[in-house]
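In the text below, chain A, chain B and the rest are named by the order of the sequence lines, each starting its count at 1.
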There are 2 protein chains.
Amino acid sequence: MNHIEKKKTFDVREYSDMRCAMHGLLNLLTGPWTTYILWMIRQNGEMRFGQIKKQIPLISAKVLTERLRMLEEAGILLRVQENTVPLKVTYSFTRRGKELENLLDEINNLATKWTGNDDISAKACHLDKMT
Amino acid sequence: MNHIEKKKTFDVREYSDMRCAMHGLLNLLTGPWTTYILWMIRQNGEMRFGQIKKQIPLISAKVLTERLRMLEEAGILLRVQENTVPLKVTYSFTRRGKELENLLDEINNLATKWTGNDDISAKACHLDKMT
DNA sequence: GTAATTAGTTACTTTAATGTACCTACTTGA
DNA sequence: TCAAGTAGGTACATTAAAGTAACTAATTAC
């Protein structure tokens, strides 16, 4: 395991020298799937890798892994690995991540309001293409 | 002017048959630059095309146009064209767009909190790559 | 002995998004 | 008469992102 050649890290604390605070956070959240993954975890409290994958069938393991790593490095998600067999890895919000919960709820509130739909939980979702 | 071959429209109202309200809105907002453009307009009230372009120097006219059209079609931005010479086009929030203002402020609040920075206005921003 | 399970990783290909440069119309001012 | 300014549109090349398939390791159930 070498994370030596890693070039980008997404820890928001490293953006502290940016003049615009907005940049770092938007850069982190507005990638494809990212916010949607957070919304899944917000609804479920904590989730295993495979569980997230099942709820978002169109995301590939590769991309899901990338996003989870990014959010972990940003200090938003906590990754807990239990070395049982089979392996069990659980993702949940860090304290910092919890600060996003209001935001996520508000997005959902607007979304449901605008579509005129109730908030039907994620298991009912089947997507063509998502973000 | 033929908008016949247009295939995608982003009006959130057309997502009303989706089971998950969250999809449409995230799909709309989490594309590159989109939310950042909204944040610019939220700060400035109303903006001309060239003004936005100057504040976000790294975005190309092509992409900026795409995003503005998308947001217009979604019913979030209002495009007002004055046929003076030179042409003057102004973008501002619709009533629906105004409902995003709290959300944008909240993102900015979190961002400033996390980076430990004050909210320095956009003119001080020089970005390498943004979203 | 073999398949199944979990959470990924890696290499390679393909697709989608973006960048770049050039073009438009119209009028004003030098 | 010619450049400047505005808000884009268009064609083509390029790049970055994503898809895909195959692979890993360890243990358990069949």
Worksheet entry | Inter-end axis angle, the helix from C/dG1-D/dC30 to C/dA30-D/dT1, with every axis fitted to five base pairs (rounded, 10 degrees) | 20°
Fill in: Length of the line joining B/L64:CG and C/dG19:P, which is rounded to integer Å
11 Å
Discussion item. Holding to side-chain hydrogen bond (donor to acceptor under 3.5 Å, both in side chains), I want the full list of residues that pass it with A/E99, two or more places apart in sequence or in another chain.
Written reply: B/K113, B/W114
Fill in: Within-4.5 Å side-chain heavy-atom neighbours: B/M47 and B/N44
yes
Practice prompt. Calculate the interatomic distance between B/M70 atom CE and C/dT18 atom C1'; express it in whole Å.
Written response: 15 Å
Worksheet item: With the 4.5 Å side-chain cut-off for hydrophobic clustering, are B/V80 and B/I76 part of the same group?
Response: no
Discussion item. So A/L64 and A/W33, do their side chains get closer than 4.5 Å, heavy atoms only?
Written reply: no
Pairs under 3.5 Å (N/O, protein and nucleotides 5-7 of chain D):
residue, atom, partner, partner atom, Å
D/dT6, O3', B/R48, NH2, 2.9
D/dT6, O3', B/L87, O, 2.8
D/dA7, OP1, B/R48, NE, 2.9
D/dA7, OP1, B/R48, NH2, 3.0
D/dA7, OP1, B/V89, N, 3.3
D/dA7, OP2, B/G50, N, 3.1

Fill in: Pairing residues for B/D105 by the side chain to side chain contact (heavy atoms under 4.5 Å, CB included) criterion, not counting sequence neighbours
B/W39, B/R42
Worksheet item: For the residue pair A/S92 and A/I41, what are the closest heavy atoms and their distance?
Response: CA-CG2, 4.2 Å
Fill in: Separation of atom CD1 in A/I52 from atom P in C/dA7, rounded to whole Å
9 Å
Response to the item:
In whole angstroms, the gap separating P of C/dG8 from CD of A/Q81 amounts to 7 Å
Worksheet item: Do the side chains of B/L78 and B/F93 get nearer than 4.5 Å, heavy atoms only?
Response: no
Worksheet entry | Atom-pair distance (CD on A/E82; C1' on C/dT5), nearest Å | 15 Å
Worksheet item: Can any side-chain N or O of A/T34 pair as donor or acceptor with the backbone N or O of A/T30 at less than 3.5 Å?
Response: no
Worksheet item: Which residues pass the side-chain hydrogen bond (donor to acceptor under 3.5 Å, both in side chains) test with A/E46, sequence neighbours left out?
Response: none
Discussion item. I'd like to check B/M70 versus B/E66 (side-chain heavy atoms, cut-off strictly below 4.5 Å). Are they in contact?
Written reply: no
Worksheet entry | B/V89-B/V85 co-clustered via ILVMFWY side chain contacts under 4.5 Å | no
Could you pull out the protein-nucleic contacts involving nucleotides 18-21 of chain D (nitrogen or oxygen on both sides, under 3.5 Å)?
residue, atom, partner, partner atom, Å
D/dA18, OP1, A/R67, NH2, 3.1
D/dA18, OP2, A/R67, NH2, 2.8
D/dA18, N7, A/K62, NZ, 3.2
D/dG19, OP2, A/S60, OG, 3.3
D/dG19, N7, A/K62, NZ, 3.1
D/dG19, O6, A/K62, NZ, 2.5

